[in-house]
Amino acid sequence: MASGAAAPPRPLNRAVIFLGPPGAGKGTQAKIVARTYGVPHLSTGDMLRDHVSRRTELGNRARPIMERGDLVPDEIVLGMVEERLSRADCRNGFVFDGFPRTLNQAERLALILDGLSFPRPQVIHFVVDREQLFKRMTGRRTCKVGGEIYNIYDGPPRVPGRCDNDGGELEQRADDREEVIAERLAAYDRQTQPLVEYYRRQHLLEDLNGMQGPEAVTRVLLEMLAKA
Ligand code: AP5
């Protein structure tokens with residue numbers, strides 16, 4: 001190895017869960033961690049948006065729910081996740097972004113991981129204040145081709161409206177409109193926030209200060225993963 005090159009990390013061999021409110025930076029960091037460890041990034045939001053854009057039956061059921069900022073029913077999400085985890089690329093671990101989001105999903109996940117003989121998950125809780133969340137969501141733009149995430153305020157692309165990686169057109173998510181953001185935050189408080197205590201009680205959860213810039217968050221996060 002050339003001197004100064006970073007050593008590759010040990011295999012992940014576990015489920016890592018990114019828990020935190022919408023706009024906290026989970027997707028941005030999950031892509032980096034998944035690339036670093038060579039494991040799949042499992043975003044239930046991305047899976048659902050893919051179904052919506054292909055107008056599958058599942059997508060047609062999920063679309064109006066997502067557009068008003070509510071959570072999609074557990075049985076839809078769990079079916080999608082179980083199918084995804086049965087694929088061979090998940091055998092060395094994976095990063096969940098946006099799942100689980102209800103107590104029922106968390107309890108079912110524990111059973112699924114047991115069935116796969118995986119150890120208990122490592123849960124990273126992204127802590128970001130409301131004002132910052134709002135700014136991040138209203139400023140978010142996503143590449144239509146590769147899904148790369150930008151922010152027009154804090155992390156704009158080199159050419160406005162175009163992805164730095166593949167030149168793809170950048171779009172605003174349908175649920176990043178101000179009135180929907182308020183609903184999504186309310187759904188988080190009601191249904192997902194209780195998971196913080198659920199995982200904390202089991203000593204599986206670590207808090208991460210998500211208010212720092214993206215590079216600082218990545219640095220801290222990779223240290224947390226390496227230590228586990
Ligand atoms: P989903 O796609 O999961 O969205 P979310 O959880 O609401 O999270 P976001 O994608 O909005 O935020 P993020 O934390 O990933 O932030 P990002 O990295 O993009 O869910 C969408 C919908 O699908 C839900 O509302 C629900 O209807 C349904 N759904 C999904 N999963 C479900 C489930 N399990 N059960 C039921 N329903 C489900 O960053 C945001 C912005 O901030 C970007 O512009 C980024 O560039 C910027 N940014 C990131 N990090 C930083 C930083 N450190 N400093 C400054 N800016 C930053």
Side-chain angles (χ1 to χ4, degrees), residues 17-34 41-53 58-59 61-82 84 95-109 124-129 131-143 147-157 163-164 170-177 180-193 195 208-221:
I17 295 172
F18 285 177
L19 182 64
K26 305 180 301 292
T28 301
Q29 299 297 333
K31 285 183 200 306
I32 296 170
V33 168
H41 164 205
L42 306 183
S43 157
T44 42
D46 286 348
M47 292 178 205
L48 288 164
R49 279 184 289 278
D50 178 56
H51 276 280
V52 169
S53 70
L58 189 159
R61 273 185 73 191
R63 187 170 59 86
I65 302 171
M66 295 171 76
E67 281 180 354
R68 59 174 190 264
D70 285 337
L71 293 189
V72 171
D74 285 346
E75 84 269 9
I76 293 186
V77 175
L78 283 161
M80 241 173 32
V81 167
E82 287 197 60
R84 185 64 187 85
V95 182
F96 274 128
D97 153 22
F99 177 88
R101 250 171 150 105
T102 64
L103 210 47
N104 182 37
Q105 290 180 16
E107 286 167 350
R108 280 283 292 280
L109 176 64
I124 309 287
H125 174 219
F126 286 63
V127 182
V128 177
D129 73 32
E131 196 184 329
Q132 180 66 212
L133 292 174
F134 205 80
K135 185 174 171 209
R136 288 187 188 178
M137 281 187 272
T138 50
R140 172 170 40 200
R141 299 293 181 273
T142 309
C143 175
E148 203 63 30
I149 303 169
Y150 296 88
N151 194 282
I152 56 171
Y153 307 120
D154 284 340
C163 178
D164 293 348
L170 302 187
E171 62 181 352
Q172 184 167 29
R173 264 170 50 177
D175 60 354
D176 276 344
R177 286 175 292 122
V180 186
I181 290 174
E183 279 310 313
R184 290 164 61 201
L185 288 169
Y188 179 81
D189 290 343
R190 215 170 37 238
Q191 288 162 282
T192 309
Q193 175 71 30
L195 294 187
L208 170 64
N209 174 9
M211 292 291 287
Q212 313 165 82
E215 291 82 13
V217 174
T218 304
R219 210 166 34 248
V220 175
L221 183 53

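Each ligand, and each atom within it, is numbered from 1 in the order the structure gives.
For Y150, a nitrogen or oxygen atom sits less than 3.5 Å from a nitrogen or oxygen atom of ligand 1, counting backbone and side chain alike. Distances between N or O atoms of V217 and those of ligand 1 include no value under 3.5 Å.
Residue D70 places a heavy atom less than 4.0 Å from ligand 1. At least one heavy atom of G213 sits closer than 4.0 Å to an atom of ligand 1. The closest approach between any non-hydrogen atom of Q212 and ligand 1 is below 4.0 Å. Residue contact check for ligand 1: M211 places no non-hydrogen atom closer than 4.0 Å to it.
Below 4.0 Å from some heavy atom of V77 lie the following atoms of ligand 1, by number and element: 33 (C), 34 (N), 35 (N), 36 (C). Each of the atoms 21 (C) of ligand 1 lies under 4.0 Å from some heavy atom of D175. Residue-ligand proximity, L48 to ligand 1, at heavy-atom distances under 4.0 Å covers atoms 23 (O), 28 (C), 29 (N), 30 (C), 38 (C). Against a heavy-atom cut-off of under 4.0 Å, G27 is close to the following atoms of ligand 1: 13 (P), 15 (O), 18 (O). Those atoms of ligand 1 with a heavy atom of Q105 less than 4.0 angstrom away are 33 (C), 34 (N), 35 (N), 36 (C). The R49 neighbourhood of ligand 1 comprises atoms 2 (O), 21 (C), with distances under 4.0 Å to a heavy atom of that residue.
For Y153 (side chain) and T138 (main-chain N/O), no donor-acceptor pair under 3.5 Å exists by modelled atom type. A donor-acceptor contact shorter than 3.5 Å links the side chain of K26 to the backbone of G20. For the pair D97 (side chain) and F18 (backbone), a donor-acceptor distance under 3.5 Å is absent.
Residues meeting the side-chain hydrogen bond (donor to acceptor under 3.5 Å, both in side chains) test with D175, sequence neighbours left out: R173.
Within 6.0 Å of CD in E75 there are more than 12 heavy atoms belonging to other residues, nucleotides or ligands.
Here salt bridge (Lys or Arg N to Asp or Glu O under 4.0 Å) pairs that include residues 63-74, with residues two or more places apart or in two chains, are R63-E67, R68-D70.
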